[in-house]
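A short write-up of the structure that comes next.
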Amino acid sequence: MSKQKTAARTRATNGTREPIEQEYIEVLGARVHNLKNIDVRIPREKLTVITGLSGSGKSSLAFDTLHAEGQRRYIETFNAYARQFLGGIERPDVDLITGLSPVIAIEQKTISRNPRSTVGTVTEIYDLLRLLYARVGEAYSYVTGERMVRYTDARIVDLILNEHNGHDVQILAPLVRGRKGHYRELFEQLLRQGFLKARVDGAIVDLTTRPRLDRYKVHDIELVVDRMRVKEDVRKRVADSCNTALKYGKGNLMVLDTVAGNHRFLSRHLMCPTSGIAYEEPEPNLFSFNSPYGACPVCSGLGQVTAVALDRIVPDRRKSIKKGAIVALGAYKPSWVFKQVESVLSSFGHDLDTPIEEMDDAVLAALLNGMDEPLRVSSNVGLSDRTVQFEGIIPYILEQAEEGPKSAQKWAEGFTHMVACAECKGARLKKTALHFRIGGKNISEVAQLSITALHEHFKQLGDGLEGNAAVIAHDILKEVTARSGFLLDVGLDYLTLDRSARTLSGGEAQRIRLATQIGAQLTGVLYILDEPSIGLHQRDNLRLINSLKQLRDGGNTVIVVEHDKEMMLNSDHVIDIGPGAGEHGGRIVASGPPLELLEEDSETAQYLRGDKTVAVPATRRAGSGKRLLLRGASGNNLKNVEIELPLGKFICITGVSGSGKSSLIGDTLYPILSKHFYRSDLKPLPYKKIEGLEHIDKVIEVDQSPIGRSPRSNPATYIGLFDHIRALFAGLPGAKVRGYKNGRFSFNTPGGRCETCKGAGVRTIEMNFLPDVHVPCEACRGKRYDRETLEVRFKGKSISDVLDMSVEDAHALFADVPQIAVKLRTLLDVGLSYLRLGQSSTTLSGGEAQRIKLATELRKRDTGNTFYILDEPTTGLHFEDVRQLITVLDRLTDHGNTVLVIEHNMDIIKTADHVIDMGPEGGDGGGRITARGTPEEVALMGKGHTAPYLEKELA
């Protein structure tokens, strides 16, 4: 490191060296991945955008250098005892980083795959609601709907004296409510304690007669504590009797007025004055679906239960059981199961050859749900008949789905699907919790409100509460309103608190974490965000930018890896990395305020100035003249939508976030097509009719889900390239001499792999309270293979060297091997020249995973009638990469296929042949088609939020 650089960071005062107060985060000599020994200064407490082509090194600088070093320094603060359990975290390959604050990375990874995790639990708003309902909620009876009441002991005495004055009453202690049993021991215990009478099912009985009850019938039992005529001078007797009754009735008692001929319940707890049911004192865990105290007992708080689909078990009623009518039983064989089925049928006068359609419903019900009475099964082998309890096919399937081994669970999944729980109607909570209300709504109804409606509801609720409730709720309401306001600021107004976290896109999950961090109001922190504008309509961009500025104005440094034009122009500082991708990138092309960047000659600056653009097509495709028509789509927020898709065209579905695009295409149209062509188990959202399926012959969805969840999965294995590479190495002279086969070059099977790391190349360190860390294997130094295997070389490269190559370099190496070169060409076509062949799939962004899938489809022979569906394929793409992607999509469409893209990127929208704009708003305000036609026609209509931006782009 040069003396000048050292001097820049220190000054001499009285012969000592003191650090200068840092205005910048200074990175010197960064060489992580493809970074070319770069030096960069990032201003502190400013909003900085790092941009550049895909694969140029943006994430290497932001996440693999700055964030990795911040994480390493955090671990270094632990004592030696704690660090020995965490293992060593390698320092990023960088000379020096100064001015680094504590780092928080907000990446575009889905928050949780746990079905119990919701937007409410992730944002912690639901935790505040639980506290609010426990402290301020008004209880209502789930039997009568009346408001629940509770009394002090003194108030109970006063009520009896005032309302039953002069009447003969009996003071009773409720002991049993609606339960079966003979209760012999209870009666004997009461008798020993000196009590002589009880009220059983409305009739007074003498305990000395040892009453006998039917153990199979439901009973109500109350203990007679006292009988008296109520007068003012018996106050002490009433008080003593009430205390005894409350003791035995666990805080509840019953007053039976023999003159008026009625009874009433009184309680220290919350109690229904008519039916007598009582609730325990509400605590926050009563309203938690993740707690056994609050979760619905049927679905265990999931809101859904596994149900068997009858049409999957018996798909063809014309067949007999012997011919395979009941798919779950499989083909007929002389087994014990079929003997039982045969016995069931014979008891109804049928046999195995009888078609299902000729059987009564009672016969099918007995086969599927079992029989109450024992079944006599003939042995047919000279042994005596056996009597068994036939449980039925459906209970067996459900048992295997819940408790069976993995293979059995997978088998059972073929006959089951998830349906809303009948007990809680999908609300996840027990009925007691659902009968506490504030402002006329229970906690589940509040969780179903959109964030916009929730925000307004709680702003109004503060004015409606009075007395102690207003005082108790004040701080909670203030916090809920603030947190929901942060979610509105980042463009998530359409979400609901009860939405499952695993249904969120990467962009939504990231913006939720951003809103949470804004709410935390930390200061002096370095925040690093990875494309927070993903999935955001142009209309909502300004709100997101203002949120990032709010984070900056709180005294934090904000670094955003981003390609969005508006984000760059509104930032304080822009760092452009390039000039190309992979080995052609890794250098600082430009660094400075946005206005200075515009004067540079980089690829980014040329697009920002308008020198380079994605050209609008001179003509729009006419298409095939055929169409796909979907009528009456009404799932989620869709309002009975009818959508006409012209085939043979490049179609773009757009609209503000939450307007219903994914519901219409991903959750309705794709499951319909997948079920039709591939008989998949996907269940579409409600719709009425679809027409035109005969005009297409297959559907391909290219989404952003990971290509693999294991570090062993990589692009080469996913696209089928590695099989050819292993075969090539096995055919080399060096491999043949040693007798190596293809398996020797696999890192997933023993033989040639490093056995220390089992071919992973890394060792995983479990961090428990932090994300797991992967460090290179000490034995093979990350090469995955043993020394002997690495000695086999192709053009001087070992199998490990090939896996470490970029797609571009590998294409040059294997140019003379057609099977390999053609697959690498497709990866180049989708802009992935910088990816390493062996790069772990866990390090790939959603956009990269999607483009790898697109490359896989490109190498397949299309039919000219294929329907492609892509969800936001521009994720993670620079302007130049978008232009390259459009070229690929145009190529697919020019072959006669139909390409449908869900997208907010204006370059994609303006180049499409047919645009469908959904909205006009998100959530309940959306679910309609606001405009459709060519981009020019949509812009001319002026309807919806897309039109003005599209008009500007076309101009």
Side-chain angles (χ1 to χ4, degrees), residues 178-182 214-218 296-300 302 304-424 679 681 683:
R179 295 209 312 267
K180 295 177 182 178
H182 53 66
D214 188 334
R215 64 182 299 175
Y216 298 108
K217 288 186 177 178
V218 171
C296 167
V298 175
C299 64
S300 301
L302 291 173
Q304 293 181 311
V305 292
T306 302
V308 172
L310 187 58
D311 59 334
R312 295 185 193 173
I313 298 177
V314 190
D316 188 353
R317 290 175 175 251
R318 294 170 299 178
K319 290 183 178 179
S320 66
I321 293 176
K322 206 163 194 176
K323 294 285 178 65
I326 300 181
V327 176
L329 293 176
Y332 172 76
K333 48 189 174 292
S335 64
W336 176 243
V337 172
F338 276 97
K339 283 188 180 298
Q340 293 181 69
V341 170
E342 191 173 9
S343 297
V344 172
L345 292 174
S346 64
S347 67
F348 286 95
H350 297 292
D351 57 32
L352 293 172
D353 293 310
T354 308
I356 295 291
E357 63 185 1
E358 294 180 12
M359 298 180 188
D360 295 336
D361 290 343
V363 184
L364 196 56
L367 286 170
L368 297 176
N369 301 315
M371 301 174 68
D372 293 331
E373 62 275 6
L375 179 68
R376 195 174 185 82
V377 183
S378 172
S379 66
N380 290 341
V381 289
L383 300 174
S384 59
D385 294 349
R386 291 177 60 182
T387 302
V388 297
Q389 190 70 46
F390 182 68
E391 295 180 356
I393 295 166
I394 287 178
Y396 178 73
I397 291 173
L398 292 174
E399 182 186 346
Q400 295 303 311
E402 298 289 335
E403 301 169 7
K406 281 192 175 179
S407 57
Q409 287 182 1
K410 192 167 184 180
W411 168 81
E413 281 175 11
F415 307 106
T416 59
H417 61 281
M418 301 302 289
V419 295
C421 172
E423 174 72 14
C424 66
R679 296 184 182 176
D681 293 334
K683 189 175 181 182

Check your understanding: When rounded to the nearest 0.5 angstrom, what is the spacing between OG1 in T306 and CD in Q400?
Key -> 13.0 Å
**Study point:** Nearest-0.5 Å distance that lies between atom CG in L345 and atom NZ in K322
**Key:** 11.5 Å
Exercise for review: Please name the pair of heavy atoms, one in F415 and one in A328, separated by the smallest distance, quoted to 0.1 Å.
Suggested key: CZ-CA, 3.6 Å
Check your understanding: Which value, rounded to the nearest 0.5 Å, describes the distance between M371 atom CE and S347 atom OG?
Key -> 4.0 Å
Review point. Closest approach of A366 and V344, non-hydrogen atoms and distance?
Key: CB-CG1, 4.1 Å
Check your understanding: Would T354 and M359 satisfy side-chain contact (heavy atoms from CB on, under 4.5 Å), going step by step from the backbone distance to the final call?
Key -> CA-CA 8 Å; T354 308; M359 298 180 188; 4.1 Å; yes
Exercise for review: Quick one: closest heavy-atom pair of C299 and Q304, and the distance?
Suggested key: CB-O, 3.5 Å
Review point. Is the closest side-chain heavy-atom distance between I394 and I313 below 4.5 Å?
Key: yes
Review point. Does E391 CD have over 12 foreign heavy atoms under 6.0 Å away?
Key: no
Revision key, fill the gap. What one should report as the nearest heavy-atom pair of R312 and E413 is NH1-O, 3.7 Å
Check your understanding: Would the number of heavy atoms belonging to other residues, nucleotides or ligands and lying under 6.0 Å from CG of D311 be above 12?
Key -> yes
Check your understanding: Heavy-atom distance under 4.5 Å between the side chains of R318 and P355, does that happen here?
Key -> no
Check your understanding: Roughly how far, to the nearest 0.5 Å, is CZ of F338 from CD of E342?
Key -> 10.5 Å
Study note, to complete from the structure: So OG of S320 and NE2 of H350: to nearest 0.5 Å the spacing works out to 12.5 Å
Practice item. Please name the pair of heavy atoms, one in I356 and one in A325, separated by the smallest distance, quoted to 0.1 Å. Key: CG1-CB, 3.5 Å
Point to revise | More than 12 heavy atoms of other groups within 6.0 Å of Y332 OH | key: yes
Study note, to complete from the structure: d(I326 CD1, D316 CG) to nearest 0.5 Å is 12.5 Å
Revision key, fill the gap. For D353 and D351 the tightest heavy-atom approach is N-OD1, 2.9 Å
**Study point:** More than 12 heavy atoms of other groups within 6.0 Å of K217 NZ
**Key:** no
